[in-house]
Amino acid sequence: MVAALAAAIGFLAVQRLAPSANVAEPVPIGGPFRLTSEAGKPITDADLLGKPFALYFGFTRCPDVCPTSMADVAVLLQRLGPLAADFRVYFVSVDPERDTAALLAEYTDAFDPRIVGLTGTPDEIAAIAKVYRAYYRKVPTSQGDYTMDHTATIYLMDAQGRFAATIAYQEAADTALAKLRRLLGPE
Amino acid sequence: MKFIKIAAAALVAASCIAGVALAHGYKIGALEIGHPWTRATAPGAKVGAGYMKIKNTGTETDRLIAGSSAIAGHVEIHEMAMTNGVMIMREVKGGIEIPAGATVELKPGGYHVMFMDLTGQIKEGEKVKGTLRFEKAGSIEVEFAAEKIGAGSMNHSGHDAAKKP
Ligand SMILES: [Cu+2]
């Protein structure tokens, strides 16, 4: 049941999400955005220029993929040591209805203070998902609740805000670490 | 070098023993429920997932149809999958089928009982009480052992089953 659905969504996602196709040449992923940081302040892509960064789409009511991915990121940041002192990982909520700035701050800091929650209006979230070719969709559950399907890839972006690489869900830690070292290391 | 290998082997052995010691299980009717576990949650997170193995030693198919827990507003039975980098999650309508003679595992990346609207944070080392309801075997109270927040992920060795080969 889920498998058939996964196939259908996968097809859709492949079209929208180039990184999963492991494309080596530069692809237009990333770009302008306007959001609200976990501190409740406006933040745009221009604010991130000058330093490489990582970006992840998720939501705090994600039971499995988001917390394990962020726990993985926290371990990677530790293993990078001083190299990652100024590195930031942005956790963009695909559930802005529930994920307020304050809630995201509390949530992301539980993993590592360098993981920064970003939220916004539904339009702002749709806009950043579009430039990052990320997929997300709200799915109602039977008891009046809902959950979110979403791209669970970590995007690595260079100091000019250009797409550099991705880290897939549960990618081997050493491979992920090598990608981060390449991103953060001296030119 | 040899010392390192021996030390590593000893570590592996020690963690295996710890794993056995930590395992707990339940029986209801023809069903055996092995080591229900969950993860510690981040503050602010309003959901959690419960995992376990369910073995049906009987001759009839049973189904895990519902659950409840004092720590959750409500509990749903879910299935998730990762496809092309997208996580999708759905409620399992009609519950999870446990065929006669089969063992079904609820594990990260697949079936789970989902604790919705958590009333508080789940802390590592806690035992989260919950009730599982099966179509034929009936209801049983179990305890979910709360492991660390990222248990089952790439850097942690919480559960072998959760790791990719
Ligand atoms: Cu779920």
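When reading the values below, keep in mind they use all heavy atoms of this one structure, side chains included, and skip hydrogens, waters and symmetry mates. Here the structure is a predicted model, which is why all the values come from computation and not from measurement. Within every chain, numbering begins at 1; the chains are lettered A, B, ... in the order of the sequence lines, protein sequences first and strands thereafter.
- In this structure, the side chains of A/T141 and B/H78 come closer than 4.5 Å at one or more pairs of heavy atoms.
- In B/E141, the CD atom is not crowded: 12 or fewer heavy atoms of neighbouring residues, nucleotides or ligands sit closer than 6.0 Å.
- Within a 6.0 Å sphere centred on NZ of B/K136, other residues, nucleotides and ligands contribute more than 12 heavy atoms.
- Salt bridge status for B/D117 with A/R61: present, with a side-chain N to carboxylate O gap under 4.0 Å.
- A/D149 places no side-chain N or O within donor-acceptor distance of the main-chain N or O of B/V86, the cut-off being under 3.5 Å.
- A 6.0 Å sphere centred on CZ of A/R114 holds more than 12 heavy atoms belonging to other residues, nucleotides or ligands.
- When the side chains of ILVMFWY residues are joined at heavy-atom separations under 4.5 Å, either directly or via intervening members, B/V104 and B/I65 end up in two distinct hydrophobic clusters.
- A single hydrophobic cluster is not seen to contain both A/V139 and A/F59; linkage of ILVMFWY side chains at heavy-atom distances under 4.5 Å, directly or through other members, places them apart.
- Both A/Y155 and A/V131 are part of a single hydrophobic cluster, where members link through side-chain heavy atoms under 4.5 Å apart.
- Within the 4.5 Å cutoff, the side chain of A/L103 has no heavy atoms near those of the B/K46 side chain.
- Across all their heavy atoms, A/E106 and B/G44 have their closest contact at OE1-CA, 3.8 Å.
- Nearest approach of A/S142 to B/E76, heavy atoms of both residues: N-OE2, 4.5 Å.
- When side chains are defined from C-beta on, A/D64 counts as touching B/R39, because their heavy atoms get closer than 4.5 Å.
- Taking every heavy atom of both residues into account, B/M116 and A/Y146 meet most closely at CE-O, 4.4 Å.
- Closest non-hydrogen pair, B/M87 versus A/C62, comes out as CE-SG, 3.9 Å.
- Looking only at side-chain heavy atoms (C-beta outward), B/M80 and A/V65 come within less than 4.5 Å of each other.
- In terms of heavy atoms, A/A71 sits closest to B/G150 at CB-CA, 3.4 Å.
- Note: B/I88 CD1 to A/R137 CZ = 9.0 Å, rounded to the nearest 0.5 Å.
- Neither the backbone nor the side chain of A/C66 comes within less than 4.5 Å of any heavy atom in chain B.
- Of the atoms belonging to B/Y111, not a single heavy atom falls under 4.5 Å from chain A.
- At most 12 heavy atoms of other shown residues, nucleotides or ligands fall within 6.0 angstrom of atom CZ in A/R34.
- The contact between A/M148 and chain B is made entirely by backbone atoms, counting heavy-atom distances below 4.5 Å.
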